[in-house]
Amino acid sequence: MIETLGATTDLAELDALATLPDGAETDRERLEGEIGALRSNSLDAIISATQETVRHLNRLHGVLATAMNFDAVVYETARMKLQEAKGRRAEAREQLFSQDELPGPADGEWQEFIVAGDSYRQHLDREHYPTVGDKCLYCMQELNPTALNLLNRYRTFLDETLIRQVEDADAEVRNSSLRFDEAELTRANEFATELRDGGDAPAWASQACDVLAAARAAAQDTANGEPLSASAFRESAETVSSKVGAELATARAAVQQIADDKANAATAFTGKQKELSELAARIELNRNISAAREYVRRARRAQQLDKLSRVISSGAAKQLTVQSKLASEDLVNKNFETLFAEECSRLRAPQVALRFQGRSGQAQRKKAVASYRPSAVLSEGEQKVLALADFLAESRMRGTKAPLIFDDPVTSLDYRRLDDVAARIQNLAETHQVVVLTHNIMFASALMATRQNKKLRTKVYEVRDGGEAKGILAADVEPRLDTPADLAKRINVKLQDMTSAEPVLQDALIKETYDLIRAWCEAFVEQDLLQNVTQRYRKNIMMTRLSKIDSARLDAAIAVIEPLFDRACERMTGHSHAAEYMSTKPTASEVQEDWETAKAARAAYIAI
């Protein structure tokens, strides 16, 4: 659009394209962050880690559900019923038999013996055995009345009602017991223990460990039919199960969301790139809309003048041109001399005399130092400053608005004039597009520092050797000269975007925020703690600022900044760590907490 500007350009359309939505710069930073996150190839690892967490949570949830469904009251009731049934059977045995009638004590072995005999009777299908005249099934001798009476009492003791009561009560105890798959219980307990002992543990982890320990003890007690040694844990199991269920639902949703993000990553990446490109173009047009309008106005005026000039005869036009040149010669020379003197003063150039020649209406001139040519008595640096003053004076005289290009303007200059040239170029940049090519890092940093102090934008390119292709331009390579306040604004924007970002973008924003926190720590130390005594990309040590360092507050600030800087280095995008569980990653709340700690430390140090 800008390249096609002319007299026919529709200014209304141009204004509409240059109109920006609210928060355009914020939207651009957000899109850049999202594109960076989508460009990274970390989704597979995130999905794998999240699925592993789902498996652990699902196992723990199942074990807690089993513990939650255990009813200690039902178990104790069944156990008491079993004891009562056994008691009734023991009472029946004591009433039916005296000790001298039995070959030994009426213990379990004796009971098994008579049960086995009765089983053999049933095998022989002797339902009414024993009756008068029957023989002993063991020795085949006819039963006398005493033996017959004893066997009938055996039949009474083995009455099915008493046996069934004991068996039913025993089955009820088994059914009401707490039973786990030991492997599942062990792995669930290991997971809960690791969460509890790890950093940033969820609140329910410790409670889950207590519930699992109580459930294991209860399972051992019920397996042996013993009274419960652990206190009631059903209510605690319900509470923890609810929290684990919510965590499980969140993790499952995260797996699905990340899978969808992965499936849609290519489409989303292309769409967001297009959106960013469009927004960047509109922002650039907005910055230059005034110049574009002026260009169109002049193009239309030039078109009108071109039509007018055709009316005047070529002869009259030629005569007018000659007279105009003659009349303007003196004015041109006087204007140039004034402008040249101003530029020499700004650049602290040596004094020279100007001698004008010709009558062409142009500033054709020679310079002299006394009776000598400048090249005979001036240094290379002084000659360069004079040439620069000459160029700038002529540019101003001509009123040119074209871009100004400087190729290493500080070559051979001393450090004092370097700052003068940087200041002059900065002044020119307020009304012109200025392009500077230089190998001098001090000069480049002086230019950028001057621009940044006025909160103006600088575009920096680096010319690189691309192997077979030479002269490759790499954009945005300027050294970081941000202030703590500038970095704080960028950090706050990231934190604001983080609250509503999707999980995959939130992880990327967390790392990018720690990048900025790390840079903030460096800027705080350089500019606040050490009061700019030494600065990156600067040529001097500012000894006069040593006395401004507040040594009384220095230790307190260092105690906060050093560990914060270490955490930022571990968690920024330049580092990655293997994490078995999602909980080991830094969270948005952890970033916010670190940032609040950093701001508090700076506020305490610079407080008056």
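What you are looking at is a predicted structure, and each value in this text was computed from that prediction instead of being measured.
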Going by heavy atoms in the side chains, are [X] and [Y] under 4.5 Å from each other?
X: Pro484; Y: Arg602; value: yes
X: His56; Y: Arg59; value: yes
X: Thr239; Y: Val211; value: no
X: Arg300; Y: Leu11; value: yes

Stepwise salt bridge (Lys or Arg N to Asp or Glu O under 4.0 Å) test for Arg518 and Glu522:
CA-CA 7 Å; Arg518 182 180 186 273; Glu522 293 178 344; 3.5 Å; yes
For a quick test of reading the model, state the closest non-hydrogen atom pair linking [X] to [Y] and the distance between them.
X: Gly6; Y: Ala299; answer: C-CB, 3.9 Å
X: Ala251; Y: Thr50; answer: O-CG2, 3.6 Å
X: Asn492; Y: Lys599; answer: OD1-NZ, 4.5 Å
X: Glu29; Y: Lys494; answer: O-NZ, 4.2 Å
X: Leu529; Y: Tyr605; answer: O-OH, 3.2 Å
X: Arg196; Y: Ala201; answer: O-CB, 3.7 Å

Let me confirm one number: the [atom1]-[atom2] distance from [X] to [Y], rounded to the nearest 0.5 Å.
X: Asp515; Y: Ile510; atom1: CG; atom2: CD1; answer: 12.5 Å
X: Glu526; Y: Thr534; atom1: CD; atom2: OG1; answer: 6.5 Å
X: Thr587; Y: Gln506; atom1: OG1; atom2: CD; answer: 8.5 Å
X: Arg282; Y: Asp27; atom1: CZ; atom2: CG; answer: 11.5 Å
X: Ile425; Y: Leu404; atom1: CD1; atom2: CG; answer: 9.5 Å
X: Ile549; Y: Asp528; atom1: CD1; atom2: CG; answer: 11.5 Å

For [X], is the [atom1] atom crowded, meaning more than 12 foreign heavy atoms sit under 6.0 Å from it?
X: Arg301; atom1: CZ; value: no
X: Arg187; atom1: CZ; value: no
X: Glu430; atom1: CD; value: yes
X: Phe565; atom1: CZ; value: yes
X: Glu284; atom1: CD; value: yes
X: Gln496; atom1: CD; value: no

As a quick check of understanding, evaluate side-chain contact (heavy atoms from CB on, under 4.5 Å) for Phe70 and Thr66, giving each step before the final call. CA-CA 7 Å; Phe70 172 67; Thr66 301; over 6 Å; no
Are the side chain of [X] and the backbone of [Y] linked by a donor-acceptor contact shorter than 3.5 Å?
X: Ser277; Y: Gln273; answer: no
X: Arg28; Y: Leu279; answer: no
X: Ser242; Y: Glu238; answer: no
X: Arg216; Y: Phe180; answer: no
X: Thr222; Y: Leu178; answer: yes

Could you give the side-chain donor-acceptor pairs of residues 433-442 under 3.5 Å, partners two or more places apart or in another chain?
{"unit_1": "Thr438", "atom_1": "OG1", "unit_2": "Asp408", "atom_2": "OD1", "d": "3.0"}
{"unit_1": "Thr438", "atom_1": "OG1", "unit_2": "Asn440", "atom_2": "N", "d": "3.0"}
{"unit_1": "His439", "atom_1": "ND1", "unit_2": "Asp408", "atom_2": "OD2", "d": "2.9"}
{"unit_1": "Asn440", "atom_1": "OD1", "unit_2": "Met442", "atom_2": "N", "d": "2.9"}
{"unit_1": "Asn440", "atom_1": "OD1", "unit_2": "Phe443", "atom_2": "N", "d": "3.1"}

Sequence neighbours left out, what passes ring pair (Phe, Tyr, Trp, His ring centres under 6.0 Å) with [X]? Give chain and number order.
X: Phe524; answer: Trp520
X: Trp204; answer: none
X: Phe406; answer: Phe391

Given the rule in the salt bridge (Lys or Arg N to Asp or Glu O under 4.0 Å) test, do Arg298 and Glu294 qualify, once you have shown the distances and angles that lead to the verdict? CA-CA 6 Å; Arg298 291 190 177 190; Glu294 179 65 15; 3.0 Å; yes
Yes or no on side-chain contact (heavy atoms from CB on, under 4.5 Å) for Leu14 and Leu285, after CA distance, side-chain angles and deciding distance?
-> CA-CA 9 Å; Leu14 200 66; Leu285 178 58; 4.2 Å; yes
Those residues at least two apart in sequence (or on a different chain) that pass side chain to side chain donor-acceptor pair (under 3.5 Å) with Asp15 are Arg293
Stepwise side-chain contact (heavy atoms from CB on, under 4.5 Å) check, Cys521 with Leu564:
CA-CA 8 Å; Cys521 289; Leu564 176 61; 3.9 Å; yes
Check step by step if salt bridge (Lys or Arg N to Asp or Glu O under 4.0 Å) holds for Arg567 and Glu590. CA-CA 11 Å; Arg567 284 197 300 279; Glu590 188 174 350; 5.5 Å; no
| Test item: side-chain donor near acceptor, Arg424 and Asn427, under 3.5 Å |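 Arg424 vs Asn427: donor-acceptor pair found between side chains.
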(Q) For Lys243 and Gln207: C-alpha separation, side-chain torsions, deciding distance, then whether side-chain contact (heavy atoms from CB on, under 4.5 Å) applies. (A) CA-CA 11 Å; Lys243 294 178 180 178; Gln207 193 175 5; 4.2 Å; yes
Taken in chain and number order and not counting sequence neighbours, the residues that satisfy side chain to side chain contact (heavy atoms under 4.5 Å, CB included) with Asp197 are Thr193
